[in-house]
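Note sheet for the following structure.
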There are 2 protein chains.
Amino acid sequence: MKKKSSSANATFNNLPLEKREAIIRETVREFAASGYQKASLNIIVKNLGIAKGSLYQYFRNKEALFCFVFEEFTHLVKQTVKDGIGQERSADFFDRVKQVMLAAITFVDRYPDYFQIYLKVLFEHDVPRREELLARVRLFSREYFGPLCEEAREKGVIRRDIPVATLIFLLDAFLDRFLQGYVQPYLDGGLGMAKMSRKKLTAKIDEMIKVLRDGFVKERDKGSKGQRGKG
Amino acid sequence: MKKKSSSANATFNNLPLEKREAIIRETVREFAASGYQKASLNIIVKNLGIAKGSLYQYFRNKEALFCFVFEEFTHLVKQTVKDGIGQERSADFFDRVKQVMLAAITFVDRYPDYFQIYLKVLFEHDVPRREELLARVRLFSREYFGPLCEEAREKGVIRRDIPVATLIFLLDAFLDRFLQGYVQPYLDGGLGMAKMSRKKLTAKIDEMIKVLRDGFVKERDKGSKGQRGKG
DNA sequence: CGTGTATATGACCACCTGGTCACACTATGA
DNA sequence: TCATAGTGTGACCAGGTGGTCATATACACG
C-alpha cells in the first residue's frame with residue numbers, strides 16, 4: 001500500500017513533506033494559471049528555487065507532473081463530496097441535490113486552483129490523456145445524480161414522463177454553471193455570486209432549486225420538504 | 001462607411017475577396033484549435049502559403065488578428081440570432097426560449113470554429129482585451145433573456161416570487177450547457193447530442209423546456225398557457 | 001521606357017520551451 | 001579513508017514563438 005502514485009518517481013516520495021507540498025502547490029498554481037500547454041516548467045522551478053534537473057528527477061516529464069496533480073484533484077473531489085454529504089443523509093431528493101451543490105462550493109472555495117485546472121482541461125484539447133482524466137471525474141454528474149434521480153423517480157417524487165438522462169443533464173448543467181459562475185464573474189449572469197457569503201449562496205441555491213422543483217410557471221410556495229399533493 | 005474594421009490594416013481590406021476569406025478561414029481554424037496563446041502564426045502562414053511578413057502587413061500583430069476574428073464572431077452571432085428569431089415572433093414565452101435555443105444550435109452548426117474560439121476565450125485568462133470581448137457577447141444572455149423574462153413575469157406567465165436575474169441565470173445555464181454538450185461530448189451527460197439530428201434535437205429541447213416550465217415534480221402535462229409543443 | 005508606390009517575401013532576431021546530461025554534492029557504511 | 005548510491009545542479013540542446021526589415025517584385029502613371 002506504499003504505492004501512492006504511479007506518476008511520481010520514488011525520489012519524489014522520499015522528499016521531506018514540506019518540500020513535496022511546496023512543489024505540489026506551485027505546480028498546481030502554474031497549471032491553474034496557464035493550462036497544460038502554456039504552463040512553464042521553467043517558471044515552476046524558478047519560483048521554487050530548485051534546479052530544473054531536480055524536477056525531472058521527481059517526475060518523468062511534464063505529462064507525469066500534470067497527471068500527478070490531476071490525481072490529487074480527483075482524490076480531493078471525492079473526499080470533499082463524501083465529507084459534505086456522508087454525515088447526514090437526508091431522504092428528500094431536493095435536499096440531497098442541495099447538499100451536493102454545497103459540497104461543490106466547499107470544494108472550489110478550498111481548492112480554487114484545482115478547480116481552475118479542471119476547467120482549463122475541459123476546454124483545452126491537446127492535454128495528454130485528457131479523455132481518460134475527464135472520464136475519471138465526470139464531475140458529480142452521473143455517479144451521483146444518476147442513482148439519485150432514479151430512486152426519486154421510482155418513489156414518485158419526481159416526474160416520470162421525462163427520461164432520467166435528461167433530468168441528470170439539467171441538474172448537471174445547473175450545478176456546473178453555478179460553479180463556473182462562482183469562479184468566473186463572466187458567467188454568473190450578473191448575480192455577483194463571487195462575492196456572496198455562504199449564507200447568501202445557500203439562499204440562492206434554495207431559490208434555484210425551488211424553480212427546478214416547481215418550474216418557471218408555478219407561483220405558489222408551499223412546503224420545502226417532500227412533494228406536495230399533485231394537482 | 002468604408003471602415004469595416006479597426007483591427008485590420010488597409011492593405012488587408014484591399015485584398016481580393018477570395019484571399020481575404022482564405023486568411024480568415026485559416027486564422028479562425030487555428031485559434032479554434034489552439035486558443036489564443038498557443039495559436040501559431042507560423043502555422044497559419046504555412047497553411048496559407050504566404051509569407052509571415054505579409055500577415056504582418058494585414059494585421060499589426062497577433063492581437064489585432066485575433067480581435068478581427070472575434071469581431072467577425074460577434075457579427076455572425078447577432079446575425080444568426082436575428083435571422084432565426086425575427087421571422088416569426090411567437091407570443092409564448094417558452095416558444096421564444098426554444099427559438100433562441102434553435103438559433104444557437106444553428107450558429108454552432110454553421111460556425112463551429114467560431115464557437116470553439118468563444119469557449120476557449122471563456123477559460124483562457126491571458127487573452128488580450130478578454131473582458132471587453134466577452135462583455136461584447138454575453139452570449140444571448142442578458143440582452144435577450146432579460147427583457148423576455150421581465151415581460152413574461154409582468155404578464156403573469158411565469159412566477160413572480162423569484163428574481164428575474166435568477167431566472168435568467170437558469171435559462172443561460174441551460175442554453176450554454178446545451179451548446180457545450182452539443183460540441184463537447186464530455187459535457188452532454190451521456191445524451192449523445194453531438195450525433196442527434198435536428199429533429200431529435202428539437203424534441204430534446206421540447207422535453208427540457210417542459211421540465212423548466214413545470215418543474216421536476218409535476219407529471220401532468222397541462223401548463224398554464226395551453227399549447228404544448230405541436231398541437 | 002522610367003519612376004514611384006504598394007505589396008510580398010523569408011532570413012533573421014531575441015526569447016522561450018520541454019528535456020538532457022555530465023558533473024558535484026552528500027550521506028551512508030565499512 | 002574509500003566506495004557506493006542517491007540526489008542536486010545548470011549549462012546546453014533542438015525546436016518553437018512573435019515580430020522585424022532590407023530587399024524583391026508587381027503595377028500604376030507619365
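Chain naming here is simple, since letters A, B, ... match the order of the sequence lines and numbering starts at 1 in each. Predicted model, so just to flag it, every value in this text is computed and none were measured. Basis for what follows: all heavy atoms, side chains included, without hydrogens, waters or symmetry-related copies.
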*Looking at DNA chain C, which of residues 56-63 of chain B put a heavy atom within less than 4.0 Å of it?*
B:Gln57, B:Tyr58
*asked:* Quick check for you: name the first and last nucleotides of DNA chain C, 5' to 3', having an atom under 4.0 Å from a heavy atom of chain A.
replied: C:dT17 to C:dC21
*Check every strand shown and say whether A:Lys19 touches a base, only sugar-phosphate, or nothing at a heavy-atom separation below 4.0 Å.*
sugar-phosphate
*To the nearest Å, give me how far apart CZ (A:Arg20) and P (D:dT7) are.*
12 Å
*Looking only at heavy atoms, which two atoms of A:Val164 and A:Cys149 are closest? And how far apart?*
CG1-CB, 3.9 Å
*Using distance alone, with no hydrogens and no angle criterion, decide if A:Glu207 and B:Thr166 have a side-chain donor and acceptor under 3.5 Å apart.*
yes
*Rounded to the nearest Å, what distance is computed from the CD1 atom of residue B:Ile44 to the C1' atom of nucleotide D:dG18?*
12 Å
Residues 31-49 of chain A side chain polar contacts: donor-acceptor under 3.5 Å, at least two apart:
from	atom 1	to	atom 2	distance (Å)
A:Tyr36	OH	A:Glu63	N	3.4
A:Gln37	NE2	A:Asp126	O	2.6
A:Lys38	NZ	B:Asp126	OD2	2.6
A:Ser40	OG	A:Asn42	N	3.2
A:Ser40	OG	A:Ile43	N	3.1
A:Asn42	OD1	A:Lys52	NZ	2.7
A:Asn47	ND2	A:Glu26	OE2	2.9

_Residue pair B:Gln99 / B:Asp95, side-chain donor-acceptor N/O under 3.5 Å_ = no
*Between D:dG18 (P) and B:Asn42 (CG): distance, integer Å*: 6 Å
_Spacing of CE belonging to B:Met101 relative to CG belonging to B:Asp206, to within rounding of 0.5 Å_ = 10.0 Å
*Counting any heavy atom closer than 4.0 Å, what does A:Ala10 reach on the DNA or RNA strands: base, sugar-phosphate only, or nothing?*
nothing
Could you list all N or O pairs between the protein and nucleotides 10-12 of chain D that sit under 3.5 Å apart?
from	atom 1	to	atom 2	distance (Å)
D:dG10	O6	A:Gly53	N	3.4

_Can you confirm whether or not the ring centre of A:Phe66 sits under 6.0 Å from the ring centre of A:Phe59?_
no
*asked:* Restricting to side-chain hydrogen bond (donor to acceptor under 3.5 Å, both in side chains), what partner residues turn up for B:Arg198, sequence neighbours left out?
replied: B:Thr106
*Please tell me if the side chains of B:Met193 and A:Phe169 come closer than 4.5 Å, counting only heavy atoms from C-beta onward.*
yes
*Among A:Phe73, A:Phe115, A:Tyr114, which residue meets the ring pair (Phe, Tyr, Trp, His ring centres under 6.0 Å) test with A:Phe107?*
A:Phe73
_Please report whether the ring centroid of A:Tyr111 lies less than 6.0 Å from that of A:Tyr118._
no
*asked:* The criterion is ring pair (Phe, Tyr, Trp, His ring centres under 6.0 Å); which residues satisfy it with A:Phe123, sequence neighbours excluded?
replied: B:Phe123
